[in-house]
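First the structure, in the form of structure tokens, and then the observations on it.
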Amino acid sequence: MAEGAAKRSASPTQAISPPPLRRKVHSTVTKKSAANFFTPASQKKPEPITWRVIGTSVIIGKQIAGNAVSHTDKQRRIAGFDLDSTLIKTKSGNVFPKSATDWQWWNTKVPGRLKELNAEGFQVVIFSNQKKISVQKDIKGGRSDSKSLSNFKEKMTAVMTELDFPVSVYAATTDPEYRKPRIGMWREFMDDYDLDVAGVDLTASVFVGDAAGRPGDHSAVDRGFATNIGLPFKTPEEFFLGQVTEPATMGFDPTSFVKSDLGEPAKPFTRKHPVELVVFCGSPGAGKSTFYWNHLEPLGYERVNQDILKTRPKCLKVAREHLEAKKSVAVDNTNADPETRAHWTNLAKEFKIPVRCVQFISTPDLCKHNNAVRASNKELVCGNIPSISISHSHPNQNPESRTSLPGIAFGDFGRRFRAPTLDEGFDDIIPVEFQFHGSEEAKEIWGQYWV
């Protein structure tokens, strides 16, 4: 048996397994990364471009590296720019880029001029409205299409890298408080660089953008943004090419409604009868509610408002109860057409009392402006003639909190509106044209561009 076992072990057909090889493990840690790991934080080089997002409202990118120029001015000079159709445009010719690489300089002179500004000591910063970017969807779903946050960051990284000097970008998405012409992005920029302390030489600074209110421009938000801050404004054609461009047609200008005097305005409304029904007629944002609180509430008129009571039958029911109690009533609704106003003239006939109409004369742009101001400044009452006042100065003034109305609300009123006439049964029709009156603080807020 021992011999047989020896023969089997010596058989040439039997392969003898070699000992297992010792596998060499290749490290993924490079000398550079290892050295960086052990380098004290104070000695590490900063990332060339850093990103942060404020909620889903603003995307902020900062390029720190590059050909930096020290700022020796006591007050900083700022060169601010819009992005699309000002610094860059699409290669494809589309209005919106197809991908992160679908961009080119708006003009070949742009990068050189920006580098000159940096060399001259200006701090260059980009302020852009980017409503198409959905930050929330990008966070949840990892989107990679042309409208995603990651694609915007990739494109802006390429833009800033090519400039090769410290530059920042602030991009507002959907939050209206940060979108131009409002100055939320500017405030964030000032805070980021402590410029509220160091100061900015506004007159020596500039903001450049294509939304200038010219014929054919999609809006005037860039010009309004510069005006709100107090920066000189130029179009890209003026700044980069030295061309004379068409004058702006800004349309609505809030400063044209602001009076310099702070005297007590004349009273536009007086009571004529012991008991009467007053019907308001005017667009949302025309100042109807503030007019009531300023002029009719002090005279003892009860207010009926469908925004609060929700339905017209409920409004009619409450108005009837007040009239039965011998109290005058003001109907604070839009009442755009004769059919709607007939509900109230018929109620006045039922009680055999006079019915009067207050017509608020205002443009859609003015009403949208008032709507934006009051939604963004809860302490400010955006009233019609004759006053705008801080709400805490009158404990009952405009107590309901107003949210911003959609644009369709103004368009719907415009489609339905038919001017009131005496033939509808009104004793008189009192026209009220808007004119701002208020404190210097209120004037500064209301006199800015908001939409």
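Just so it is clear, the model here is predicted, and its values are computed rather than measured.
- Checked by atom type and distance alone, the side chain of Thr173 pairs as donor or acceptor with a backbone atom of Ser57 at under 3.5 Å.
- With contacts defined as side-chain heavy-atom distances shorter than 4.5 Å, the pair Leu163/Pro111 qualifies.
- Distance check, rounded to the nearest 0.5 Å: CD1 of Ile126 to CG of Leu87 gives 5.5 Å.
- Using a distance-only test at 3.5 Å, with no hydrogens or angles considered, a donor-acceptor pair links the side chain of Lys288 to the main chain of Gly282.
- Not a single donor-acceptor pair under 3.5 Å links the side chain of Lys153 to the backbone N or O of Ser148.
- Counting heavy atoms from C-beta on, the side chains of Phe280 and Leu296 come closer than 4.5 Å.
- Using a 4.5 Å cut-off on side-chain heavy atoms (C-beta onward), Phe269 and Val278 make contact.
- Between Tyr292 and Tyr301, the distance separating the two ring centers is not shorter than 6.0 angstrom.
- Between Asp253 and Tyr449 the shortest side-chain heavy-atom distance falls below 4.5 Å.
- Across every non-hydrogen atom of Asn228 and Pro181, the tightest pair is ND2-O, 2.8 Å.
- Listed for the Gln63 side chain is a donor-acceptor partner under 3.5 Å among the backbone atoms of Met160.
- Formation of a donor-acceptor pair under 3.5 Å by the Asp332 side chain with backbone atoms of Asn305 is not found in this model.
- Side chain of Ser362 to backbone of Leu366: no donor-acceptor contact under 3.5 angstrom is found.
- For the pair Lys62 and Tyr193, the cation sits on the ring face: its NZ or CZ lies under 6.0 Å from the ring centre, inside 45° of the axis.
- Minimum interatomic distance between Gly209 and Phe233 (heavy atoms only, all atoms of both residues): O-CZ, 3.3 Å.
- Side-chain contact between Lys368 and Phe252: absent, with no pair of heavy atoms (C-beta onward) separated by less than 4.5 Å.
- Contact detail for Thr90 and Gln104: the closest heavy-atom pair is O-NE2, 3.4 Å.
- In terms of modelled atom types and a separation under 3.5 Å, the side chain of Asn371 and the main chain of Gly285 share no donor-acceptor contact.
- Ion pairing of Arg223 with Asp217 is absent here, as no side-chain N (NZ or NE/NH1/NH2) approaches a carboxylate O to less than 4.0 Å.
- To the nearest 0.5 Å, the span separating OG1 on Thr363 from CZ on Phe410 amounts to 11.0 Å.
- Between Glu339 and Arg418 a salt bridge is recorded (basic side-chain N to carboxylate O distance below 4.0 Å).
- Two residues are said to be in side-chain contact when any heavy atoms from C-beta on lie closer than 4.5 Å; Leu316 and Trp344 meet this criterion.
- Side-chain contact of Gln130 with Ser128: a donor-acceptor pair under 3.5 Å is present, judged by distance alone.
- When all heavy atoms of Asn333 and Val304 are compared, the closest pair comes out as OD1-O, 4.1 Å.
- Under the rule for a side-chain contact (heavy atoms from CB on, under 4.5 Å), the partners of Thr340 that lie at least two apart in sequence or sit in another chain are Arg312, Asn335, Asp337, Arg416.
- At least one donor-acceptor pair closer than 3.5 Å links the side chain of Asn377 to the backbone N or O of Val373.
- A salt bridge between Lys89 and Asp210 is absent, with no side-chain N of the basic residue lying under 4.0 Å from a carboxylate O of the acidic one.
- Looking at Tyr178 and Tyr170, their side chains never come closer than 4.5 Å, going by heavy atoms from C-beta outward.
- Ring geometry, His295 versus Phe291: the interplanar angle falls from 30° to 60°, so the pair is classed tilted.
- In this structure, Trp446 and Phe434 have parallel ring planes: the angle between them is below the 30° cut-off, well short of the 60° mark.
- Judged purely by atom type and a 3.5 angstrom limit, Arg77 uses its side chain to pair as donor or acceptor with the backbone of Glu120.
- Relative ring orientation between Phe127 and Phe207 is described as tilted, the plane-to-plane angle lying within the 30° to 60° band.
- Met185 places a side-chain heavy atom less than 4.5 Å from the side chain of Asn129.
- A pairwise comparison of heavy atoms in Cys315 and Gln306 identifies SG-CA, 3.6 Å as the closest pair.
- The environment of Glu321 atom CD is dense: over 12 non-hydrogen atoms of other residues, nucleotides or ligands sit within 6.0 angstrom.
- At distances below 3.5 Å, not a single donor-acceptor pair connects side-chain atoms of Asn151 with backbone N or O atoms of Ser99.
- A donor atom on one side chain and an acceptor atom on the other are found under 3.5 Å apart for Ser376 and Arg182.
- Contact record, Lys98 with Ser92: CE-CB, 3.7 Å, taken as the closest heavy-atom pair.
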